[in-house]
Amino acid sequence: MQNLSEPEIQRRKKREDLMKLGIDPYPAELYKVNATAKDILQNYERNKIDYKDISIAGRLMGFRIMGNASFAELQDATGRIQLYFKRDDLCPTEDKSLYNDVFKKLLDIGDIIGAKGYVFTTQTGETTIHVTEFKLLSKALKPLPIVKTDEEGKVHDAVTDVEFRYRQRYADLVVNPQTKDIFVKRAKIISTMRRIFDEKGWLEVETPILQPIHGGAAARPFKTHHNTLDMPLYMRIANELYLKRLIVGGFDGVYEFGKMFRNEGMDRTHNPEFTSMELYVAYKDYHWMMELTETVFETVAMTLHDTTEVKVGENTIHFRAPFTRLSIVGAIEKYTGVNIESYDETQLRQLCREWKMNIDDSMGLGKLIDEIFGEKVEANLIQPTFIIDYPVEMSPLTKKHRSKAGFVERFELFVNGKEVANAYSELNDPIDQRERFEEQLKLAARGDEEAMAMDEDFIRSLEYGMPPTSGIGIGIDRLTMMMTNNASIQEVLFFPQMKPEQKTQVAEIQDYVKIGVSEEIVPILQKLGFLTIEELKKANANKLFNDLGGMRKKMKLDVKLPSKEEVEKWLA
RNA sequence: GAUUUCGUAGCUCAGUCGGUAGAGCAUUACACUUUUAAUGUAGGGGUCCUGGGUUCGAGCCCCAGCGGAAUCACCA
């Protein structure tokens, strides 16, 4: 309750003043709304009689007061509309206080109000609500940053500080319409995908987030502990193994939109928790899945942009089927000129050294190929490209290729140089699956921290028989980045992970009183910067005594100051 | 983790050679009956991120730390 800025103090006072006038700044009852800003702006011109008696609610975002009449801007969930307040309409009697005091003096930018009235068009041609009645619904105590847009649509003083925007996303959303738009699009991406899957009769499911074994992907997990069971649990890094158990159980198609958690580095493409959509469909293979993926991306792009061409950074991405298909070996040959098809691990390692790549001895053949791909190819894949047929070593859950020995039936979809989807023909031979897990254990022994652990229960489920199945995972955050032309994942997450804000442990009034400070002096001390007793104790008594007098004058407080002896006692 | 860079009023940002802390918006008061980045006049508002150092004197120079961003490394 200290270190309030001038406007914050004023708003607190206005809140009190309203209460004294018998106006509840936070009324309990609902406010009936029958119109939105968007609805009025779109339909009023064509259908004027429907807007003679409207009721709307939202946040006040600007005032233009000129004497006995005023304009204000109201922002609701759909947009902004202008309100017109006329003194003698609001106050037909001699008592003009509702307009002069409540409206002009006690309302601020940021306050939430309800307004009733009729729609008209001003002389300057703007659709406006002539307010006949208004009601304060919530008083805002903290001033919003003011962003203004001029006639040419040029934005002035836009709030661009990402730290402010991410930490106080609520304020970002109020002030920056483009932020809101990202999240509307994000929701549309998800609902579009859900619609496609539901129409096919697949089931949306939920699987455990707390898992005893963190399987299904290569990543380091968050570890936690269950008290009653007295056992470690991991936040899931993937949900794949659970979804496949459900295919064993007899569902034809299951999908889950869910949060995954990976205890790894954070940067503009990685957040510790992120959203993935995983889909598994029985009796399908990865070729079928590529076609479905094309449909999904095409449909999402069309829903959002009414076209399959989407601008991402400097590139225009064409989400129009069919997408290019390229094997990983073929892709490496295309972008390096080297055909590594017949290379063994030693030869590959040699090649990596020649290219001065950063590799180590824990890397097996598959990992080396992946490294080369990441280094030499990935960034080149701007237009949607399926990279298919991966080495078996890096795909322990994938069915062996029907014709290429040493490879598996897997694809990843790359767009704008980034992976956005990962899919395969799922491995359903329980004996093979056990051997693959055992290979992973060997990699772990070699020092690969991300190798998968044996999951006996998952193998048991496969032993009952899983139909041939194709599965895919799509990163929703990265897809959203792409579809909304954002370069950082933080922009498409409401609340990206941030380091905690530093908050100074501030002393309570009683703490000051305990060492002998009288209550009315406390605000002066706080204003002087002594927010903790510790700091106060370190002060110089002479200087503090003098400063108290100076600050009392500055703050125009009429309080009795302590003697120098009393000040010395505080610090003792 | 490394490098670069930034941190000044509620917001956006200036700040000269090291010499009293600045502007616009917001805010307060007054004026103004259709404005629209409303306007006019007057005022208030600062831990110059924090802590050290150099100096007669630091927003500015040096060192350390904190926080953000970018690039790289790591990581799907």
Side-chain angles (χ1 to χ4, degrees), chain A residues 3-11 13-14 61-73 80-89 99 104-105 108-110 120-126 128 130 141-168 171 175 217-220 237-238 260 262-272 274 276 358 360 370-371 373-374 378 394 412 414 418-422 449-450 473 475 477-478 487-490 498-502 504 526-531 535 554-556:
Chain A
N3 274 350
L4 293 175
S5 66
E6 201 60 35
E8 287 174 302
I9 293 164
Q10 278 156 3
R11 285 172 183 237
K13 186 169 176 303
K14 290 179 183 182
M61 295 303 284
F63 292 98
R64 289 180 285 276
I65 293 175
M66 53 221 103
N68 297 334
S70 301
F71 291 93
E73 268 183 62
R80 284 192 185 188
I81 190 157
Q82 181 167 265
L83 304 182
Y84 178 63
F85 292 81
K86 194 173 176 183
R87 187 189 65 192
D88 295 337
D89 285 3
Y99 178 81
K104 273 170 72 173
K105 298 219 163 88
D108 286 298
I109 289 177
F120 74 110
T121 305
T122 63
Q123 286 175 11
T124 46
E126 177 150 348
T128 301
H130 189 125
L141 297 185
K142 211 166 169 55
L144 283 168
I146 305 300
V147 180
K148 293 194 173 185
T149 309
D150 64 22
E151 278 173 353
E152 294 128 38
K154 216 168 114 194
V155 179
H156 298 260
D157 298 334
V159 179
T160 50
D161 176 22
V162 291
E163 187 171 5
F164 176 92
R165 292 184 46 239
Y166 297 163
R167 287 197 197 277
Q168 301 187 47
V175 148
R220 276 179 290 173
I237 56 171
M260 304 301 151
R262 298 189 182 178
N263 203 344
E264 290 167 345
M266 289 164 56
D267 57 32
R268 66 187 199 292
T269 54
H270 296 84
N271 195 64
F274 64 97
S276 165
N358 203 357
D360 64 64
D370 192 37
E371 289 292 317
F373 177 79
E378 203 169 319
M394 51 193 287
E412 294 189 340
F414 288 85
K418 306 251 164 52
E419 180 213 334
V420 284
N422 181 13
E449 281 186 45
E450 300 174 344
D477 311 288
R478 292 192 182 173
S488 93
I489 195 170
Q490 285 79 18
M498 307 277 285
K499 286 194 190 176
E501 275 182 277
Q502 257 183 325
T504 37
Q526 288 174 334
K527 192 76 185 175
L528 283 169
F530 297 105
L531 298 177
E535 272 180 79
K554 198 171 176 192
M555 291 170 79
K556 293 175 193 147

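Lettering follows sequence order; numbering is per chain, from 1. Just so it is clear, the values below take in all heavy atoms, side chains as well, and ignore hydrogens, waters and symmetry mates.
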With the side chain of A/I109 defined as its heavy atoms from C-beta on, choose the nearest nucleotide among B/rU27, B/rA38, B/rC75. B/rU27
Select base, sugar-phosphate, or nothing to describe what A/K86 touches, counting heavy atoms under 4.0 Å on all strands. base
A/Q10 side chain, from C-beta outward: closest of B/rU34, B/rA37, B/rU27: B/rU27
Determine the Euclidean distance between corresponding P atoms of B/rC17 and B/rU71; express it in Å to zero decimal places. 32 Å
Round to a whole Å and report the spacing from CG of A/N263 to P of B/rC74. 19 Å
Checking A/D108 now: which residues fulfil side chain to side chain contact (heavy atoms under 4.5 Å, CB included) with it, not counting sequence neighbours? A/R11, A/K14, A/D111, A/K139
Using purine N1 to pyrimidine N3 plus N6-O4 or O6-N4 for Watson-Crick, or N1-O2 and O6-N3 for G-U wobble, each under 3.5 Å, what pairs with B/rC60? none
List in chain and number order the residues that pass salt bridge (Lys or Arg N to Asp or Glu O under 4.0 Å) with A/K13, two or more places apart in sequence or in another chain; answer none if no residue qualifies. A/D17
pair A/I109-A/I146: side-chain heavy atoms closer than 4.5 Å: yes
Given atom CD of A/E371 and atom P of B/rA73, what is their separation to the nearest angstrom? 11 Å
Just the rounded figure in Å: distance from P of B/rA29 to CG of A/D108. 10 Å
Calculate the interatomic distance between A/E378 atom CD and B/rC75 atom C1'; express it in whole Å. 12 Å
Would one find a side-chain N or O of A/K148 under 4.0 angstrom from OP1 or OP2 of B/rA26? yes
What's the gap between B/rG19 and B/rG57 when it is taken at their C1' atoms, as a whole Å value? 7 Å
For the side chain of A/E163, starting at C-beta, report the closest nucleotide among B/rG68, B/rU28, B/rU34. B/rG68
Sequence neighbours excluded, which residues qualify as side chain to side chain contact (heavy atoms under 4.5 Å, CB included) partners of A/R64? A/M66, A/F71, A/E73, A/Q82
Pairing residues for A/E264 by the side chain to side chain contact (heavy atoms under 4.5 Å, CB included) criterion, not counting sequence neighbours: A/A219, A/R220, A/R262, A/E450
A/M66 CE - B/rA37 P separation (whole Å): 12 Å
Assign A/F373 to base, sugar-phosphate, or nothing according to its heavy-atom contacts below 4.0 angstrom with the strands shown. nothing
Within the structure, does a side-chain N or O atom of A/R64 lie under 4.0 Å from either OP1 or OP2 of B/rU35? no
For B/rU4 versus B/rA73, give the span between their C1' atoms, rounded off to a whole number of Å. 15 Å
If the C1' atom of B/rG45 is compared with that of B/rA29, how far apart are they to the nearest Å? 15 Å
For A/D161, is there any backbone N or O sitting under 3.5 Å from a side-chain donor or acceptor partner on A/Y166? no
Go nucleotide by nucleotide along RNA chain B from the 5' end; which of A/K104 and A/D370 gets its closest nucleotide reached first? A/K104
Taking a pair as Watson-Crick or G-U wobble with both distances under 3.5 Å, which nucleotide is matched to B/rU3? B/rA70
For B/rU33, the Watson-Crick or wobble counterpart (both distances under 3.5 Å): none
Could you tell me how far B/rC11 sits from B/rU47 if I compare only their P atoms? Round to whole Å. 12 Å
So what does A/A219 touch, heavy atoms closer than 4.0 Å: a base, only the sugar-phosphate, or nothing? sugar-phosphate
Across the strands shown, which category fits A/R87 at heavy-atom distances under 4.0 angstrom: base, sugar-phosphate, nothing? nothing
Which comes earlier along RNA chain B counting from the 5' end, the contact point of A/M266 or that of A/F274, where each point is its nearest nucleotide? A/M266
Distances under 3.5 Å only, N/O to N/O: pair up the protein atoms with those of nucleotides 2-11 of chain B.
none

Please list, chain by chain and in numerical order, all residues satisfying side chain to side chain contact (heavy atoms under 4.5 Å, CB included) with A/K86, sequence neighbours excluded. A/Y84, A/D89, A/H130
Contact class for A/R268 vs. all strands (heavy atom < 4.0 Å): base, sugar-phosphate, or nothing? sugar-phosphate
Watson-Crick/G-U partner (both atom distances under 3.5 Å) of B/rC25: B/rG10
With P as the reference atom in both, quote the distance from B/rA37 to B/rG51 in angstrom, rounded to an integer. 43 Å
A/H270 vs A/I489 side-chain heavy atoms within contact, under 4.5 Å: no
Rounded to whole angstroms, how far apart are CD on A/Q82 and C1' on B/rA37? 13 Å
Nearest listed nucleotide, side chain of A/E264, among B/rA69, B/rG67, B/rC75: B/rC75
Picking from B/rA73, B/rU33, B/rA38, which would you name as closest to the side chain of A/N68? B/rU33
To the nearest 0.5 Å, tell me how far A/S276 OG sits from A/I237 CD1. 12.0 Å
Rounded to whole Å, how long is the line connecting atom CD1 of A/I65 with atom P of B/rA29? 10 Å
Rounded to the nearest 0.5 Å, what separation is found between the CE atom of A/M266 and the CE atom of A/M498? 8.0 Å
Please determine, for the side chain of A/H270, which listed nucleotide (B/rC75, B/rG67, B/rU35) has the closest atom? B/rC75
Given B/rG68, B/rU71, B/rU33, the nucleotide with the shortest approach to the side chain of A/D88: B/rU33
Measuring only the P atom in each nucleotide, how far is B/rG15 from B/rC60? A whole number of Å is fine. 15 Å
In whole Å, measure the gap between the P atoms of B/rA23 and B/rU41 for me. 14 Å
Could you state the NZ-C1' distance from A/K13 to B/rU27, rounded to the nearest angstrom? 14 Å
